[in-house]
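One structure is given below, encoded as structure tokens.
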Amino acid sequence: MTTRRPPTTLGEFELLVLLATLSLGDGAYPVSIAADIRKRTGRKASRAAVLITLERLEDKGLLISRYGDPTPVRGGRAKRFFQPKPAALTAVRQSLGHIRTMTAGLESLLGQR
Amino acid sequence: MTAHRPRPSRVILWLLSRMSSHDAAEAVVGDLLEALDERREAGRAPRWPRLWLNGHAVWWTAVGLASRLPRIGRSFGHAFRDAARALRRAPAHALLMLVISAAGIAAATITFSVVDAVMLEPLPFDHSDELVAIGGRDPRRNTGLSAEEFWAVHDHVAGLDGVGTAFKEWDDAVTVDGTTDRLPVERATAECLRVLRLHPLIGRFWTAEDEAHDERLAVISYELWQHRFGGDPQALGRSLGIENRTYRVIGVLPAGAGSLGYDPPVAAWVPRVPSRAETRGPRVSRFVYTLGRIRPGVSLPSLTTEIEGALAPLAAASPSAYTDWRPDVERLLDTYVDRARGWLLLVSAAVTLVVLIACLNAASVMLIRSTSRAHDLAIRASLGASRRQLAASVLAENLMVSVTAGVCALLFCTWGIGAVKAALPAQLALFRAATIGLNARVLAAGMAAAVVSGVLSGLVPAWQASRASVVSLLKDAVTLTPVRRRWRSIFLTAEVASLGALLVVATLFIASFVRVMTLDLGFNRSDLLAVSTVTDYQGTVDDLTARLTRIQGITGVAAVTGGMPPLVGDAYGGAWMDSPLQPVGADASAPSVDVETYKVTANYFDVAGMTFRRGATWPFPGAMPRPMIIDEVAARQLFGDGDPLGRQVRAHDLNDEVFTIVGTVSHAFARGPDDSQRPSAYYAMPVNARPTWVGFLLRTSVPPASLVRLVEASLAAVASANNSAGAGVHVVDAAFGSLTAARRFNAMLMGSFAIFALLIGGAGIYGVVASVVAQQTREIGLRVALGATPSDIRHSVLALASRHLALGLVVGLPVAWWISRGFTSLFFQVGPADPSVYLVVSATLGLVGLGAAIVPARRAARVDPIESLRAS
């Protein structure tokens, strides 16, 4: 029997989606996450790509999804909200740590303060 | 204001829900509707909201699918890995299924490739479906039209857009620059070329005006132009010799144009126009082979009616020529494929039966296999495999076998189609045999059918496996359920029935061939050479006879004219003369009888090995006034049971001369075994006759083939200067071989099919009985424990096989009779209901079936009750 090891690294887009989910809290669903990424990074993220990434993160055990109440504005359809699990914070910290480690000493080159 | 919200397509919603769940799909649609509202508020509302919604939903599905591809690929990989393991565990089953499927696809592909090339491909003419052949039919044979009838049709039938004639005799001597080849030449009217919508590559076609001036012009094929004129455009205007005439080349046809499937293709077209002169009389010569182009919207029956109307004045003028003759119109393609139709039907029927047997066998194997597979599935299900995984592995197993079988069939077909072409005897003269090739459409259909059937046959067990509980799967794995047992019986019975039907048809063909080979032809065909009609020689017939007699190894030489020497005429082409014979004197009121007439030397009967029933041959020419010898068929038709010796007959077509019957001989099957027993008469050849269209029969004391060159050389030495044709010297036994080649091929083909089917059938019976024994081991052990002897057990197993064999024969033999009736015309002296054939087939099938069952029966008899009960 094989067991899945907890993820230690995240892809770049996975990191963005996970950060947006953390930031939006209870209101994180594909439309709001895509809008948040666009607003903050200027990057145009398609809702389909966001949903696929969210489902992948759910498969990895970093997120959990639930359905909200149906709303009239969505034709009576419920929203699918995603919430981070504790492992998500670990994964984000680990990914950011890797980035910090790798950028150490490059501040002058990268123009960082 | 609430904006109108479009609804997504049900199909797209279903697709989305297949990606995860219904709720997730609904949520995605909600997200899309929300995005739609945002666009509206931003003033970027799409023009067609529903299209926008569905388009985005499809995009979401595609992105989702793409993201899952690695996982899907892994699932497929796992399914195929499991399937490969399952196949490795049961290699015999896998191999049997593979061989059966590959043989089925290959046999069907090759057969239908032949059928397509020969029968279904259109002729190589523009709108060839509009071309019709116009002729006639009397009770004995198909005929052409007479010249008068041709012109009546030409001038008065409005349903035809053009009428022409084209006639190909046997191959002509075609001479270009001193080099002579024997090639087919069409003799046609200018209108015929227009009807066929042929166009010259270079030059022109001859016209009706050329025909009026009797110009000797020729249009040659592209192949002749390339091979004999080097493709030189200056070939136009050059000379072309056809037999003893010289023609001027005026045009060249494009490559492949105008060839009607002859091999070699038609080399040249030259004019021949039927005479418009009236030839009224009681006998009408109908040798104008007519073809026309039917106008769009005109049907064949209405065209036939119109032709009958056009011929009505001729029929009124000569009623006796129309008493039992009717015009006949058929599609031009049909006139070519008619000969092959019966044979192709036979092969198609045989292949269908073989494939049916193979399929039934495969179904039995699958059923047996499903039992052991159920056990595997049960174990996997108990270890946590999902329904989808179980179904996928079952499907993958069947798919692997089907695809491998398809690839094997492709390899076999590429080799097999060439082998089939090589095996087709030239004497079969199969139309367009040279164009037979692997038909990609048929092969694709065959492979698709194999894959689809593989998937379909796997669906039921896959579905059952996905629904059944682990407990029931484990239970079913031990024994077959009653439903499966019933299906196993049905498959086995149907297999035996199909096998019985095939064996009966094959045995009828083999019996026909045996009877043909052992038929008393009325003359002795061994050690006999024939020189087909020769002309243009120096000296007389007697000089040539003396010359041939001097060749060592020849013990007798007889000459014949008026008809061809026996067998060679039908085998290699020839002509016959016939004449009505009318008894004279006291028998004058008796009706006349049409007989084939042969003018022969007195020793003809001795050299041919014919037996005199009464009387004897004339001692020498002129010894008695106009002697005639008739065969027993003519004697019976002319004089009934009376003694024909001394009676006199008048021969209407031999200058109305009166002959005296001096003997009767056995009927010679001069036209081969399929001779319709037409009556024959022989009369004396005069002394010192000119050697014009004379044939010779030579009795040899050595193998006749060894003398062919000597005879040819001997005759060539006295050929006159304008003799370009030479003499055709043939071994009569080889001519017999040629005439019976189709029957030999059919018998061989059906025999091969029968043996192949017997092997499959035997294996099928063995497999089923063996599986029954394997699955009933516990029951057998119990019976032995209760006192059954090994003999009882053996008999009970053999009784099971016998029941299926008997039931299969009861169903199969009537089917065999029904199928055989369709081939009655291809049988020889054996009927479709011949009881001996059915007895032989029943006995053979019984022996093979019981032989296949005996091994498992013995195995059953050796079952140890203690071990079997302990094992269960």
Side-chain angles (χ1 to χ4, degrees), chain A residues 1-4 7 10-14 16-18 20-21 24 26-39 44-83, chain B residues 1-9 12-13 15-42 44 49-50 52-72 74-75 78 380 383-385:
Chain A
M1 189 177 157
T2 57
T3 51
R4 192 187 295 280
L10 293 168
E12 188 233 357
F13 193 63
E14 283 177 334
L16 290 183
V17 170
L18 212 45
T21 309
L24 288 167
D26 288 344
Y29 72 104
V31 176
S32 63
I33 294 170
D36 191 49
I37 291 174
R38 185 188 295 182
K39 191 174 82 184
K44 191 178 175 185
S46 88
R47 293 176 198 88
V50 169
L51 176 64
I52 300 308
T53 308
L54 287 167
E55 285 184 341
R56 190 161 61 239
L57 292 171
E58 189 180 22
D59 281 350
K60 286 181 177 179
L62 302 180
L63 294 178
I64 188 167
S65 69
R66 65 174 175 84
Y67 294 96
D69 296 327
T71 54
V73 73
R74 294 164 58 88
R77 290 172 173 86
K79 289 176 182 170
R80 187 179 177 188
F81 292 107
F82 288 83
Q83 284 181 327
Chain B
M1 187 185 98
T2 307
H4 168 70
R5 291 200 177 81
R7 293 180 64 79
S9 148
I12 292 170
L13 196 59
L15 273 174
L16 271 174
S17 66
R18 299 313 298 162
M19 301 299 297
S20 49
S21 66
H22 176 74
D23 290 339
E26 286 286 331
V28 166
V29 174
D31 289 352
L32 285 171
L33 289 174
E34 202 178 323
L36 184 62
D37 275 354
E38 280 175 16
R39 288 177 70 95
R40 279 176 175 153
E41 283 165 13
R44 294 187 291 119
R50 188 151 194 253
W52 182 93
L53 177 72
N54 284 316
H56 275 75
V58 168
W59 169 241
W60 280 56
T61 312
V63 171
L65 197 64
S67 74
R68 282 167 173 77
L69 272 181
R71 203 191 311 165
I72 293 170
R74 266 201 308 280
S75 301
H78 288 157
R380 288 189 57 199
L383 290 174

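Bear in mind that the values here come from a model prediction, so they are computed numbers and not experimental data. The sequence lines fix the lettering, A, B, ..., with proteins before strands; numbering per chain opens at 1.
- Between B:V29 and A:R74 there is no side-chain heavy-atom pair separated by less than 4.5 Å.
- Within the model, atoms CG of B:L32 and CZ of A:R77 stand 10.0 Å from one another, a figure rounded to the nearest 0.5 Å.
- Neither the backbone nor the side chain of B:P6 comes within contact range of chain A; no heavy atom of the residue lies under 4.5 Å from a heavy atom of that chain.
- Between chain A and the options B:D31, B:L33, B:D23, the largest number of non-hydrogen pairs under 4.5 Å is found for B:D31.
- Inter-residue side-chain proximity for A:K79 and B:E34 is flagged as met; some heavy-atom pair is nearer than 4.5 Å.
- Residue-environment remark: CZ (B:R7) stays at or below the threshold of 12 foreign heavy atoms within 6.0 Å.
- Closest of all the heavy-atom pairs between A:A48 and B:W60 is N-CZ2, 3.5 Å.
- Other residues, nucleotides and ligands place no more than 12 heavy atoms under 6.0 Å from the CZ atom of B:R18.
- Residue contact with chain A, scored on non-hydrogen atoms closer than 4.5 Å, involves the backbone and the side chain of B:A24 alike.
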